[in-house]
Amino acid sequence: MNADNNEAQVYLNGQFIPADQARIPIMDRGFLFGDGVYEVVPSYGGHFLGLEPHLDRLDSSLDAIRLRNPLSRESWRSVMRRLIGAPPAPDQSVYLQVTRGVAPVRDHLCPEDVEPTVFAVANPIKPRRPEIATQGVTCITRPDIRWLRGEIKSISLLAAVMMRREAEDEGALEAIMVRDGMVTEGAVSNVFMVHRGRLITPPTGHLLLTGVTRQLALALAREHDLEFLETQIPIDDLREADEIWLSSSTREVLPVTRLDGQPVGNGRPGPMWQRMDALYQQYKEEVRLGRI
Ligand code: PDD
């Protein structure tokens, strides 16, 4: 394998090596306990979108699980840049993961002197299918069976894996989760709705992830005078919404046009989504040109 080929290389504990040579010991706590956190950071043309907010959130997740960040901010930036290659590079996301490391025995309590395991890899970002802008995507709703620390970007993702499978089995892209009658977020995305021209999204806190794409969409809304509100969304209100959107780093902002088999609004991507998507695409192009 060509050592200069960036696509084939992953980063593992200080080394850039071909993916098929990367090995994790079986006693790694990520493997045994899901004891770790992660980030997914998109890049366009060799420039990251939201790198600093993603690294800030990594710090918060690590603080929350009482794990020190094994790399400095500058080291993260340089590892991640090396994985995607110099501009103009293809559009890719970097998946990065820090686990508590390899302990001598399987014990929920971890000794203090264990070195975290650090892994990062670049993956291509699939361009959005053109039908999505005209037809939108389908979602189902499910009870939010996850834990109560949704703000931590934990690698323990069993509920999300189960939900995405259930969604797929019903021909849907995503499962929107509902706790105590209120919408929290998607299995792998944040949720917005539009009601009478106003954009509404559930407030951040322990129940959901503070999505970087969510924050960007709200910043764009603020900058361009779109009215928005961060407040609880009862599931019955979601069913009456004029528009529903999903947001995530790899899927951007998507229009949801069917929910549990029923049309959302008039069943087509709405005007507010079109406006937000145009703003988002414009922002992305600025990133691609290295201007942001
Ligand atoms: N997931 N909520 C959950 C539960 C998520 O898993 C994600 C993203 C988001 C959106 O966050 P952001 O805008 O920062 O990507 C919200 C990533 C993409 C994943 O697990 O692959």
Side-chain angles (χ1 to χ4, degrees), residues 30 34 36-44 48-62 64 76 80 91-99 119-126 128 137 139-168 173-179 182-193 199 201-221 230 233 244-254 256 276-277 279-280 283-284 287:
V37 297
Y38 76 107
E39 282 293 327
V40 180
V41 190
S43 71
Y44 300 98
F48 286 106
L49 189 159
L51 178 57
E52 301 308 318
H54 278 284
L55 291 176
D56 289 344
R57 190 172 63 190
L58 175 66
D59 282 336
S60 314
S61 296
L62 287 168
W76 277 118
M80 293 170 71
D91 296 353
Q92 296 156 83
S93 61
V94 169
Y95 173 84
L96 61 90
Q97 171 174 316
V98 181
T99 77
F119 167 62
V121 60
N123 294 304
I125 294 182
K126 281 188 245 153
R128 183 170 78 196
V137 301
C139 287
I140 56 171
T141 57
R142 284 291 181 274
D144 191 346
I145 57 167
R146 305 169 310 163
W147 69 334
L148 296 171
R149 297 300 303 275
E151 85 282 16
I152 302 173
K153 204 157 171 57
S154 158
I155 62 168
S156 308
L157 289 171
L158 190 52
V161 168
M162 291 165 68
M163 302 281 182
R164 284 275 287 123
R165 170 51 52 199
E166 287 184 32
E168 175 78 14
L173 181 80
E174 176 66 306
I176 292 178
M177 281 170 281
V178 181
R179 186 186 290 276
M182 301 291 168
V183 174
T184 53
E185 60 180 340
V188 293
S189 59
N190 289 114
V191 175
F192 294 79
M193 77 167 188
L199 185 58
T201 193
T204 54
H206 288 313
L207 297 184
L208 57 120
L209 191 72
T210 304
V212 173
T213 321
R214 173 195 188 276
Q215 301 305 92
L216 175 57
L218 293 182
L220 291 171
E230 293 175 79
I233 301 179
I244 300 175
W245 311 344
L246 303 174
S247 71
S248 86
S249 293
T250 43
R251 295 186 184 272
E252 308 176 350
V253 182
L254 293 182
V256 178
M276 178 54 73
D277 186 52
L279 294 172
Y280 195 91
Y283 186 92
K284 213 172 94 179
V287 168

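All values reported here derive from a predicted model rather than from experimental measurement. In listed order, ligands and their atoms are each counted from 1.
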Self-check item: Option of least heavy-atom distance to atom 13 (O) of ligand 1 (set: V188, V41, T184, T213)
Solution: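 Checking each option, the heavy atom nearest atom 13 (O) of ligand 1 is found in T213.
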Quiz item: With respect to atom 11 (O) of ligand 1, which of S154, A159, G211 exhibits the smallest heavy-atom separation?
Solution: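 Considering heavy atoms of S154, A159, G211, the nearest to atom 11 (O) of ligand 1 sits in G211.
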Whether [X] lies under 4.0 Å from ligand 1, heavy atom:
{"X": "Y38", "answer": "yes"}
{"X": "A187", "answer": "yes"}
{"X": "H54", "answer": "yes"}
{"X": "Q215", "answer": "no"}
{"X": "K153", "answer": "yes"}

Self-check item: atom 2 (N) of ligand 1: the protein heavy-atom neighbour that sits closest, reported with distance to 0.1 Å
Solution: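 Protein heavy atom at minimum distance: E185 OE1, 2.7 Å.
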Quiz prompt | Distance from atom 21 (O) of ligand 1 to nearest protein heavy atom, with residue and atom | solution =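 Here the closest protein heavy atom is V40 CG2, 3.7 Å.
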Quiz item: What are the two closest heavy atoms between A167 and A175, and how far apart are they?
Solution: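 Here A167 and A175 meet closest at CB-N, 4.0 Å.
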Under 4.0 Å from a heavy atom of [X]: which atoms of ligand 1 are those, numbered in the order shown and with their elements?
{"X": "S248", "result": "10 (C), 13 (O), 15 (O)"}
{"X": "S247", "result": "10 (C)"}
{"X": "N190", "result": "10 (C), 16 (C)"}
{"X": "S249", "result": "12 (P), 13 (O), 14 (O), 15 (O)"}

Practice problem: Could you say whether the N/O atoms of R57 and ligand 1 ever approach to under 3.5 Å? | Solution: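 Right, the criterion is met.
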Quiz item: Hey, is ligand 1 close enough to R214 that some N/O pair sits below 3.5 Å?
Solution: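 By distance alone, the answer is no.
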Quiz prompt | Backbone N/O of L209 and side chain of E185: donor-acceptor pair under 3.5 Å | solution =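 Yes: the side chain of E185 pairs with the backbone of L209.
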Self-check item: Polar side-chain atom of S189 near backbone of S248 as donor-acceptor pair, under 3.5 Å
Solution: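 Side chain of S189 to backbone of S248, a donor-acceptor pair under 3.5 Å: no, none is there.
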Roughly how far, to the nearest 0.5 Å, is the [atom2] atom of [Y] from the [atom1] atom of [X]?
{"X": "K284", "Y": "S43", "atom1": "NZ", "atom2": "OG", "result": "11.0 Å"}
{"X": "L148", "Y": "H206", "atom1": "CG", "atom2": "NE2", "result": "9.0 Å"}
{"X": "W245", "Y": "D277", "atom1": "CH2", "atom2": "CG", "result": "9.5 Å"}

Self-check item: side chain to side chain contact (heavy atoms under 4.5 Å, CB included) assessment of T184 paired with R146
Solution: CA-CA 11 Å; T184 53; R146 305 169 310 163; 4.0 Å; yes
Exercise. State whether a side-chain donor-acceptor pair under 3.5 Å links N123 with S93.
Key: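 Result is no, nothing qualifies.
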Exercise. Starting from the C-alpha separation in whole Å, work towards a yes-or-no answer on side chain to side chain contact (heavy atoms under 4.5 Å, CB included) for M162 and L158.
Key: CA-CA 6 Å; M162 291 165 68; L158 190 52; 4.1 Å; yes
Practice problem: Could you go through the side chain to side chain contact (heavy atoms under 4.5 Å, CB included) check for M193 and L199 one step at a time? | Solution: CA-CA 6 Å; M193 77 167 188; L199 185 58; over 6 Å; no
